[in-house]
Structure formats: C-alpha cells, structure tokens
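Scope of the values below: all heavy atoms of this structure, side chains included, with no hydrogens, waters or symmetry mates.
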Amino acid sequence: MITKPKGTKDIYGKEAKKWQYVSKVIDEVMEKYNYNYIRVPVFESSELFHRGVGETTDIVTKETYDFTDRGGRNMTLRPEGTAGVVRSYIENKMYGDVNQPVKLYYNCPMYRYERPQAGRYRELTQFGYELIGSDDPLSDAEVISLAVNIYKILGLKGIKVNVNTLGDQESRDNYRKALIKHFKPHVNELCEDCKERLEKNPLRILDCKVDQDKEVMKTAPKTIDYLNDESKERFEKVKEYLEIMGVEYVVDPSVVRGLDYYNHTVFEVEAKIEGFGAQNVIGGGGRYNTLVEQIGGPKTPGIGFAAGFDRLMLALEYEKVNIPVQTSVDLFLLYVNEDEKKYAAYLTNELRMNGFIVETDYLNRSLKAGFKQADRLNSKFTIVLNSEDLKQNEVKIKNNKTKEEDVISLDAIIYYLDENITEEDDCSCGASEEHNCNCGDKCKCHKED
RNA sequence: GCGGAGUUGGUGAAGUGGUUAACACACUGGUUUGUGGCACCAGCAUACGUGGGUUCGAUUCCCACACUCCGCCCCA
C-alpha cells in the first residue's frame with residue numbers, strides 16, 4: 001500500500017468540515033479588519049528564505065525542503081509565510097498602492113523537515129497576516145489584538161499573550177553585546193546548543209529550555225535595560241494602545257522569537273493544550289522593519305503574525321469548543337424500480353437546483369437499507385417514489401421527525417419543503433448540551449458567559 | 001539530528017512457534033410477497049506494517065527499515 005509521507009495528514013470527513021468552518025471565521029474576521037487574501041507560491045528561490053528568515057536560524061539551516069528543478073534552479077518549499085508575502089509585496093510594487101499600509105493575510109500549507117510529534121507536522125498549515133508600510137505603534141497593537149480576537153471569536157478562553165520588545169537595531173546590538181559579555185565567562189555552564197548560540201544568536205539562549213533554571217539565566221541582562229529612549233517610548237505606546245483595546249497581555253522578556261527578521265515588538269500566543277506542553281504556543285509574530293529592505297525592496301516597516309492551524313484545532317478540541325457542522329440533509333429519495341429511479345434522477349437534480357440538500361441511493365439498496373441510509377444521513381424528509389403514486393402525479397413524503405406521512409402533488413414538493421423545513425430547534429452545531437460555541441442568535445444551547 | 005512506545009479485518013480489540021486467528025461494533029441479506037431505526041437468523045472472499053534471518057514450520061523469536069504516537073532540539 002502506498003501511504004502518505006511522514007508528517008503529513010489527510011483531512012477529511014468531520015475534521016474537514018471543522019477546518020472549513022474555522023477558515024471561514026478567519027476570512028470573516030480578516031474582512032472586518034480589511035486584510036486582503038494573498039496566495040503566493042508554495043516554492044520560492046531558496047535564496048529568499050536564506051535572506052528573509054535568516055542564515056543562522058534552525059528553520060533554514062536544517063528544516064527546509066530543498067530541491068533543484070529541471071532547469072538547475074535551487075528551490076525551497078516555503079517554511080513560513082512572511083518571506084513570500086514580502087517578496088510579493090516588493091515584486092508587485094505594493095509600496096506604490098494608493099491604500100497604505102498594505103494589509104494581507106494567508107492561510108496555506110508550509111513545509112519543515114522535522115520529526116513529527118503532537119501538533120507538529122512536516123506539512124503544516126499556518127494562517128497569518130502582514131501589515132506592511134506603517135511603523136505606528138497603533139499597528140503593533142492592532143496586529144496583536146487581531147490575533148487575540150480571532151481566538152476569542154472562535155470561542156477559545158484560555159488564551160495568553162506574551163509581549164516583549166527587542167528594540168531598534170541600535171538597542172538590539174547593544175543588548176547582544178551585553179548578553180555575550182554576560183554569558184562568556186559562564187560558557188561552560190551552558191548546554192551544547194547554547195555554546196553555539198553565544199556567538200551566532202545570543203538572544204536565543206534566553207529561550208533555552210535546558211538552561212532555563214540556571215543562575216546565569218536569571219542574572220542575564222534584560223532587553224528592557226538596553227533599550228534606547230526611543231525604543232522604550234515606542235513600547236510604552238504599544239502597551240497603551242493594547243490597554244485601550246482591552247487586550248490582556250503579559251510582558252515577558254524571554255520572548256525573542258526564532259526568526260532573524262524581528263525587531264521592536266515581538267509576541268506569542270499561548271493556549272492550553274493538554275499533554276502538549278511543548279506545543280502550547282499556537283501563534284507568534286512581531287515587527288520586521290528591516291526585512292523588506294533585506295529582500296531587496298525599499299526601506300519599509302512591517303509587522304505580522306502567524307499561527308499554526310493544527311495547533312489551533314488542538315486547542316479548540318481541548319477546550320471542547322463546539323464547531324457547527326452541517327449534519328443533516330433535507331430530503332432522501334428512495335425508489336425501487338428503474339422507472340422510479342429515473343424519476344429520482346430527475347427530481348434530485350431539480351430540487352438541488354432549487355436549493356435543497358437532496359440525497360438518493362446510488363447502490364441499488366433495498367428499501368430497508370435505503371431507510372437506514374436516510375436515517376444515517378439524518379434526513380429531514382424521505383420520499384419513496386412509487387409508480388402507482390407517480391401515475392397520479394402524487395408522491396408520499398414522510399417527515400422523519402414527526403413520522404407523519406403526507407401525500408402531495410408532484411408540483412407541490414418545493415412548496416412543501418419550503419413550508420416544512422424549519423430552523424433547527426437545537427443548535428446548528430448539532431450539540432444537545434450547553435457549550436461554548438459561536439453559532440449566533442439561532443443557537444438556543446449557547447451558554448451565557 | 002537524538003530518545004521512548006507502538007503497528008492484527010471497515011472499526012475497536014483478544015491471542016498463539018504448528019491443522020478453520022477469538023469476541024464486539026459496523027456492513028449486507030432474510031424473517032416482514034415494497035416502508036427503516038428493535039429483535040432474531042445468516043453472511044462478510046484474498047487481516048497479523050515491509051524486507052531479511054532463525055526454524056521442519058513464524059502473526060508469534062531475532063535484525064533492519066517504514067510509518068504512527070510521544071518526548072528532546074527547534075518552532076506554529
């Protein structure tokens with residue numbers, strides 16, 4: 001048997017419906033914030049990610065899917081979304097658009113060659129958004145608040161936002177030097193990885209899970225102490241706007257982010273996911289004021305956020321957020337002989353074109369099995385086409401809830417269905433008990449906050 | 001890249017170095033000469049991850065690999 005590649009996942013059935021729902025909610029929220037959907041290639045020149053994401057990051061040095069195409073070009077499957085979007089921004093000269101800043105969002109698969117585990121795949125789906133062309137602290141706050149709001153609208157309650165600032169380039173350089181100075185005398189106390197990081201990327205030492213509890217870590221200089229006045233003031237502004245927007249956040253100096261392009265504001269969103277301690281960060285982002293220039297565009301500030309779709313689904317599951325999925329059909333058409341089958345073919349088509357969800361039998365089942373199938377599909381009505389009735393231009397239609405059967409004229413089917421298909425008494429999400437869900441006013445099972 | 005645990009049919013699973021590998025659910029048909037959901041009866045063909053090895057004989061023991069789950073690193 002040919003099986004799916006390691007670290008990939010088939011999404012189908014009920015799970016696919018949930019994905020579609022969550023994607024739809026994301027689309028709706030993005031629309032309100034006036035972000036436009038963008039679709040960029042799955043593969044790009046390898047160079048883009050080396051310049052964009054950073055030569056020293058693990059993502060680029062050991063996790064990319066690289067290949068040479070038939071023309072000898074070095075290509076890489078995108079490991080993250082920002083570099084491609086920024087490339088597109090530059091290539092399509094969006095810096096010249098009348099509408100500024102440019103606000104873009106995406107929701108698509110990324111590829112990282114890693115060992116799969118809970119909430120981690122080699123093909124992972126991320127949604128994210130970028131606000132390019134503004135350095136205003138308000139844009140930082142909006143990007144953070146938008147992330148929080150998406151999760152809130154989806155019904156997640158256990159969301160925590162950790163915010164930090166890396167400062168501008170000057171602050172970052174000063175801080176870097178201070179860190180090296182601090183850790184150098186203690187280099188032997190650090191883990192192997194951190195020894196490497198000391199010269200290459202000292203900020204990442206702060207993130208280290210192995211060395212976390214060591215004394216050197218606790219006494220390490222804090223980003224906040226190396227910020228110049230401008231950067232400090234900027235961060236204060238961001239926090240102020242966040243408070244005005246009612247975003248609950250925590251300032252966490254250990255948030256430094258793994259990609260090279262960040263400066264100033266960086267943030268992470270954590271969710272409660274039982275048993276997946278290491279994977280509880282479901283999204284993260286930050287400001288990248290030098291990235292556009294690095295990739296070859298004009299000096300342009302930007303800020304963005306990206307979130308793991310798979311981890312979001314895990315969080316939704318853990319918090320038992322009910323996701324509305326359509327679980328019933330309006331009508332199931334049954335037939336026995338070939339003439340009735342032909343009429344069924346005609347009628348299913350006709351009714352579907354009139355907006356009803358209609359199913360029929362494709363397996364030449366017995367009536368008994370057909371009824372069973374109608375039940376399984378949770379059909380609201382069932383019609384058994386009967387040659388005798390059809391001769392009279394009539395049909396028997398059965399309401400599967402009340403078990404009542406009506407004999408109606410063929411011409412009246414559409415009218416009848418219109419009249420008798422009522423809004424579900426219970427929640428459209430199909431749940432029978434109170435729960436956290438987001439199905440709107442029609443939902444009577446919705447638990448009050 | 002490193003480490004741990006797994007892999008038996010459509011599904012959940014039991015089990016054994018040796019003639020037909022339990023059981024349950026699901027599915028299909030029948031009892032009901034064309035009206036289901038219950039009950040009973042019957043049926044469900046080619047199921048022991050892949051490749052080697054040990055053996056008269058391997059699903060069972062050994063080795064390798066693949067994949068799944070979990071952890072580390074890293075990240076979403």
Side-chain angles (χ1 to χ4, degrees), chain A residues 1-10 53-54 56-64 78-82 106-128 147 151 191-194 196-197 201 204 207-212 255-259 267-271 273-286 304-315 332 334-337 340 361 363-379 382-389 396-398 400-401 403 405:
Chain A
M1 186 175 56
I2 298 172
T3 56
K4 64 185 183 316
K6 185 173 182 159
T8 63
K9 199 180 173 188
D10 298 319
V53 180
T56 61
T57 58
D58 284 351
I59 291 179
V60 163
T61 54
K62 52 185 200 195
E63 292 174 7
T64 52
R78 61 177 173 226
E80 57 96 52
T82 304
Y106 56 85
N107 180 0
C108 44
M110 312 290 170
Y111 301 84
R112 294 182 196 175
Y113 193 86
E114 296 181 278
R115 281 287 286 272
Q117 68 187 73
R120 169 192 295 173
Y121 301 96
R122 289 184 168 183
E123 180 179 61
L124 56 131
T125 303
Q126 285 191 348
F127 69 91
Y151 294 125
C191 73
E192 287 307 309
D193 288 324
C194 284
E196 289 251 334
R197 290 180 184 126
N201 200 347
R204 298 220 51 77
D207 246 6
C208 181
K209 305 280 189 300
V210 181
D211 293 332
Q212 192 136 61
V255 175
V256 297
R257 309 292 301 147
L259 292 79
F267 67 104
E268 286 179 350
V269 179
E270 272 180 44
I273 309 176
E274 185 156 38
F276 303 118
Q279 267 69 48
N280 64 354
V281 173
I282 61 170
F305 170 79
F309 213 103
D310 306 273
R311 288 184 191 178
L312 168 59
M313 297 313 270
L314 283 177
F332 196 95
L334 287 174
Y335 54 84
V336 175
N337 66 34
E340 294 159 0
D361 174 50
L363 298 174
N364 293 311
R365 282 183 245 247
S366 66
L367 273 184
K368 173 173 174 164
F371 271 101
K372 264 192 170 178
Q373 179 63 8
D375 259 2
R376 267 191 300 262
L377 292 175
N378 207 359
S379 179
T382 306
I383 288 179
V384 182
L385 294 174
N386 177 319
S387 303
E388 297 298 309
D389 294 340
K396 284 202 191 83
I397 184 161
K398 183 172 182 181
N400 286 326
K401 201 164 188 181
K403 314 293 181 209
E405 199 170 68

Enquirer: Does A:K62 have any side chain to side chain contact (heavy atoms under 4.5 Å, CB included) partners at least two apart in sequence or in another chain, and if so, which?
Expert: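 For A:K62 the side chain to side chain contact (heavy atoms under 4.5 Å, CB included) partners, ignoring immediate neighbours, are A:D58.
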Enquirer: Please classify the nucleic acid contact of A:K9 as base, sugar-phosphate, or nothing, using heavy-atom distances under 4.0 Å.
Expert: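 The answer is nothing, as A:K9 stays clear of every strand by at least 4.0 Å.
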Enquirer: A:L334 and side chain to side chain contact (heavy atoms under 4.5 Å, CB included): which single residue from A:L385, A:N386, A:L367 fits?
Expert: A:L367
Enquirer: Mind checking if A:K398 touches a base, just sugar-phosphate, or nothing, with heavy atoms under 4.0 Å?
Expert: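 Base: the residue A:K398, judged by heavy atoms under 4.0 Å, touches a nucleobase.
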Enquirer: Starting from P on B:G1, measure out to CD on A:Q117 and report it in whole angstrom.
Expert: 15 Å
Enquirer: What pairs with A:R365 under salt bridge (Lys or Arg N to Asp or Glu O under 4.0 Å), at least two apart in sequence or on another chain?
Expert: A:D361
Enquirer: Could you list the residues that satisfy side chain to side chain contact (heavy atoms under 4.5 Å, CB included) with A:Y111, not counting sequence neighbours?
Expert: A:V42, A:Y65, A:L77, A:P109, A:E123
Enquirer: Would you give a per-nucleotide map of nucleotides 27-34 of chain B, 5' to 3', where B means the base has a protein non-hydrogen atom under 4.0 Å away, S means only the sugar-phosphate does, and - means neither?
Expert: SSSBB--B
Enquirer: When rounded to the nearest Å, what value does the distance between P atoms of B:U7 and B:C62 take?
Expert: 13 Å
Enquirer: What is the distance from CD of A:E63 to P of B:C73, rounded to the nearest Å?
Expert: 13 Å
Enquirer: Using the test side chain to side chain contact (heavy atoms under 4.5 Å, CB included), find all partners of A:K4 that sit at least two apart in sequence or belong to another chain.
Expert: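 By the side chain to side chain contact (heavy atoms under 4.5 Å, CB included) rule, A:K4 matches A:T8, A:D10.
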Enquirer: If I take atom NZ in residue A:K62 and atom P in nucleotide B:C73, what distance separates them, rounded to the nearest angstrom?
Expert: 11 Å
Enquirer: Can you see whether A:T125 engages A:D310 through a side-chain donor-acceptor pair at a distance of less than 3.5 angstrom?
Expert: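 No.
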Enquirer: Whole angstroms only, please: what is the CD-C1' distance between A:E268 and B:A76?
Expert: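 Spelled out: CD on A:E268 to C1' on B:A76 is 10 Å.
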Enquirer: If you compare all heavy atoms of A:A271 against all heavy atoms of A:I282, which two are closest, and at what distance to 0.1 Å?
Expert: CB-CD1, 3.7 Å
Enquirer: Which nucleotide, B:A76, B:G1, B:G37, lies nearest any side-chain atom of A:Y113?
Expert: B:G1
Enquirer: How close or far is atom C1' of B:U35 from atom CG of A:D389, stated in whole angstroms?
Expert: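 Spelled out: CG on A:D389 to C1' on B:U35 is 12 Å.
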Enquirer: When you measure from the side-chain N and O atoms of A:R120 to the phosphate of B:C69, is any distance below 4.0 Å, counting only OP1 and OP2?
Expert: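 No, A:R120 has no side-chain N/O under 4.0 Å of OP1/OP2 on B:C69.
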Enquirer: In whole Å, I'd like the distance from the CG atom of A:L377 to the P atom of B:G37.
Expert: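 That distance rounds to 17 Å.
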Enquirer: Find every protein N or O atom lying less than 3.5 Å from an N or O atom of nucleotides 2-6 of chain B, and list the pairs.
Expert:
from : atom 1 : to     : atom 2 : distance (Å)
B:C2 : N4     : A:R115 : NH1    : 3.3
B:G3 : O6     : A:R115 : NH2    : 2.8

Enquirer: Rounding to an integer number of angstrom, what distance separates B:U16 and B:G57 when you compare their P atoms?
Expert: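 To the nearest whole Å, 23 Å.
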Enquirer: Of A:G308 and A:A374, whose closest RNA chain B nucleotide lies nearer the 5' terminus?
Expert: A:A374
Enquirer: Below 4.0 angstrom from OP1 or OP2 of B:A76, is there any side-chain N or O of A:Q126?
Expert: no
Enquirer: Measuring only the C1' atom in each nucleotide, how far is B:U50 from B:A45? A whole number of Å is fine.
Expert: 24 Å
Enquirer: Can you tell me which stems involve RNA chain B, if a stem is defined as three or more consecutive Watson-Crick or G-U wobble pairs, both distances under 3.5 Å?
Expert: B:1-7 with B:66-72, B:10-12 with B:23-25, B:27-31 with B:39-43, B:49-53 with B:61-65
Enquirer: With A:Y106, which residues qualify under ring pair (Phe, Tyr, Trp, His ring centres under 6.0 Å), at least two apart?
Expert: none
Enquirer: For nucleotides 64-68 of chain B, print each protein N/O atom paired with a nucleotide N/O atom at under 3.5 Å, atom names and distance only.
Expert:
from  : atom 1 : to   : atom 2 : distance (Å)
B:U68 : OP1    : A:G7 : N      : 2.9

Enquirer: Rounding to an integer number of Å, can you tell me how far A:R257 CZ sits from B:A76 C1'?
Expert: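 Roughly 8 Å, once rounded to whole Å.
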Enquirer: For A:K6, what residues pass the salt bridge (Lys or Arg N to Asp or Glu O under 4.0 Å) criterion, not counting sequence neighbours?
Expert: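 Partners of A:K6 by the salt bridge (Lys or Arg N to Asp or Glu O under 4.0 Å) criterion come out as none, since no residue qualifies.
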Enquirer: Donor-acceptor pair, distance only, cut-off 3.5 Å: does the side chain of A:Q126 make one with the backbone of A:A307?
Expert: no
Enquirer: Just call it for A:Y121: base, sugar-phosphate, or nothing, with non-hydrogen atoms closer than 4.0 Å on any strand.
Expert: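 Here A:Y121 touches the bases of the nucleic acid.
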Enquirer: Within the distance-only criterion (no hydrogens, no angle test), does the side chain of A:Q373 pair as donor or acceptor with the backbone N or O of A:A369 below 3.5 angstrom?
Expert: no
Enquirer: Name all residues meeting the side chain to side chain contact (heavy atoms under 4.5 Å, CB included) criterion together with A:E114; count only those two or more places apart in sequence or in a different chain, and write none if there are none.
Expert: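 A:E114 satisfies side chain to side chain contact (heavy atoms under 4.5 Å, CB included) with A:E63, A:R112, A:R120 once adjacent residues are dropped.
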Enquirer: Considering non-hydrogen atoms only, spot the tightest contact between A:A374 and A:T382 and give its length.
Expert: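 Closest approach of A:A374 to A:T382: CB-OG1, 4.0 Å.
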Enquirer: Could you pull out all residues at least two apart from A:D389 that satisfy salt bridge (Lys or Arg N to Asp or Glu O under 4.0 Å)?
Expert: A:K396
Enquirer: To check you understand the geometry: which heavy-atom pair defines the closest contact between A:G119 and A:L314, and what is its length?
Expert: CA-CD1, 3.6 Å
Enquirer: RNA chain B: A:N400 or A:D310, which has the more 5' nearest nucleotide?
Expert: A:N400
